[in-house]
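This report refers to the structure that appears directly beneath it.
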Amino acid sequence: MPIRMNAPETFAARLAGADRPQIGMWVCSASPIVAEVAAGSGVDWVLLDAEHSPNDLQSILHQLYAMSAYPVSAVVRPPIGDTVLIKQYLDLGVQNLLVPMVDSAEQARELVRAVRYPGPAGAGTAPAEHGARGVGASLARSSRWNRIEGYLGRATGTVSLIVQIESAAAVANVEEILAVDGVDAIFIGPADLAGSMGLLGQPSHPDVVAAALTAIRAARAAGKPAGINAFVPEDADRYLAEGAAFAAVGADVAILARASEALADRFIGAHPASAAASGAAASATGADAADATPPGSPAPRASY
């Protein structure tokens with residue numbers, strides 16, 4: 001007799017039951033080992049990114065397996081809000097989707113349809129108008145191969161949908177996006193938001209911060225959680241103080257890059273031979289010593 005199972009709690013349910021902001025990090029390396037390390041770190045949620053990372057269906061599946069033993073919410077970002085791709089992600093057992101570049105309520109409604117199965121007939125509405133998710137869960141991890149009893153009828157409750165607000169147009173439309181039934185939360189991406197505002201590479205610019213706060217306040221007014229990407233601690237502190245319900249405060253590859261640079265600075269940058277070589281290079285190029293970065297200085301902080 002097969003074991004009967006329940007789906008894990010969604011990130012939306014976790015947010016609803018939380019008594020503090022939920023703190024998370026990105027995993028961009030497509031590595032199940034790194035995903036497991038992150039999952040056991042004490043953060044509340046981990047974003048597996050497939051928009052700006054070399055992830056595919058297999059690598060996401062392996063990372064979900066690696067994280068499944070830990071009390072952390074796995075959130076997955078597809079590269080695009082495509083109905084077919086979303087179907088594949090959901091069948092893998094992805095429960096929490098963060099979909100990038102959502103600029104309008106119409107886009108949000110299409111995403112809600114993508115994560116839901118067709119509904120019952122009647123009430124003057126065609127079943128397909130309720131949802132567009134293809135039906136194949138009995139063959140997939142999402143239903144644990146039909147071990148989650150009544151999965152088709154309960155599937156909507158096993159999925160949370162977060163849409164990204166990362167353009168000036170999305171901020172202008174944020175109240176309408178939040179009003180879409182089935183959108184569980186929004187997530188603000190300051191880097192792309194800055195680019196759309198003509199401030200590329202300036203996610204901490206006051207105008208970008210003001211736009212992000214507009215979206216956070218709109219979400220609070222609508223009774224829905226707002227999250228944000230904030231790798232600069234001071235920015236994260238401000239957004240959390242202003243009511244952000246969740247935040248991503250770092251990424252595996254960025255942490256490794258900065259930490260490895262710090263090690264190199266500590267053990268190589270201060271080495272007499274390295275310092276002599278740096279001085280010789282500066283002299284050879286006529287560089288002004290006053291403009292040179294002192295040995296051991298921290299690497300410049302990248303903007304996110």
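Counting heavy-atom neighbours within 6.0 Å of I33 CD1, excluding the residue itself, gives a total of 12 or less. Within a 6.0 Å radius of CD in Q107, more than 12 heavy atoms belonging to other residues, nucleotides or ligands are found. Around atom CZ of R141, more than 12 heavy atoms belonging to other residues, nucleotides or ligands sit under 6.0 Å away.
When side chains are defined from C-beta on, L64 counts as touching L48, because their heavy atoms get closer than 4.5 Å. Between I255 and M25 there is a side-chain heavy-atom pair separated by less than 4.5 Å. Residues T10 and L15 fail the side-chain proximity criterion, which asks for heavy atoms closer than 4.5 Å. Within the 4.5 Å cutoff, the side chain of R154 has heavy atoms near those of the I148 side chain.
Between the side chains of E149 and N6, no donor N or O sits under 3.5 Å from an acceptor N or O. For the 3.5 Å distance criterion, the side chains of S160 and N96 qualify, holding a donor opposite an acceptor. Between the side chains of S138 and N146, no donor N or O sits under 3.5 Å from an acceptor N or O.
Clustering ILVMFWY residues whenever any of their side-chain heavy atoms sit less than 4.5 angstrom apart, transitively, puts V72 in the very cluster that holds L61. Hydrophobic clustering, with ILVMFWY side chains joined whenever heavy atoms are under 4.5 angstrom apart, keeps V34 apart from L256. Both L85 and L111 are members of a single hydrophobic cluster when ILVMFWY side chains are connected at heavy-atom separations under 4.5 Å. Cluster annotation: L57 and L139 are assigned to distinct hydrophobic clusters (Ile/Leu/Val/Met/Phe/Trp/Tyr, side-chain heavy-atom contacts under 4.5 Å, transitive).
A donor-acceptor pair under 3.5 Å is absent between the side-chain atoms of E166 and the main chain of V102, judged by distance alone. In this structure a side-chain-to-backbone donor-acceptor pair under 3.5 Å is missing from S59 to N55. Side-chain N or O atoms of D49 include one that pairs as donor or acceptor with a backbone N or O of H52 at under 3.5 Å.
Using a 4.0 Å cut-off between charged side-chain N and carboxylate O, R14 and E9 make no salt bridge. Remark: R133 engages D91 in a salt bridge, criterion side-chain N to carboxylate O under 4.0 Å. Under 4.0 Å is where a charged nitrogen must lie from a carboxylate oxygen, and between R109 and D181 no such pair does.
Taking Y89 as the reference, nothing meets the ring-ring contact (aromatic ring centres under 6.0 Å, His included) condition, with sequence neighbours excluded. When the side chain to side chain contact (heavy atoms under 4.5 Å, CB included) test is applied to P8, the partners found at least two apart in sequence or on another chain are Q95, R144.
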Output side-chain donor-acceptor pairs under 3.5 Å for residues 188-199, partner residues at least two apart or in another chain, one line each.
from, atom 1, to, atom 2, distance (Å)
S196, OG, A168, N, 2.9
S196, OG, L193, O, 2.9

Taking distance alone, no hydrogens or angles, what donor-acceptor pairs closer than 3.5 Å link side-chain atoms of residues 210-225 to residues at least two apart or in another chain?
from, atom 1, to, atom 2, distance (Å)
T214, OG1, A210, O, 3.0
R217, NH2, E242, OE1, 3.2
K224, NZ, L178, O, 2.6
K224, NZ, V180, O, 3.0
K224, NZ, V183, O, 2.8

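Within the hydrophobic cluster formed by Ile, Leu, Val, Met, Phe, Trp and Tyr side chains joined at under 4.5 Å, directly or through other members, V249 is accompanied by I23, L240.
Sorted by first and then second residue, the side-chain hydrogen bond (donor to acceptor under 3.5 Å, both in side chains) pairs with a member in residues 25-42 read W26-N229, S29-D252, E36-Y70; sequence neighbours excluded.
Residues S104 and I177 come closest through the heavy atom pair C-CG1, 3.6 Å.
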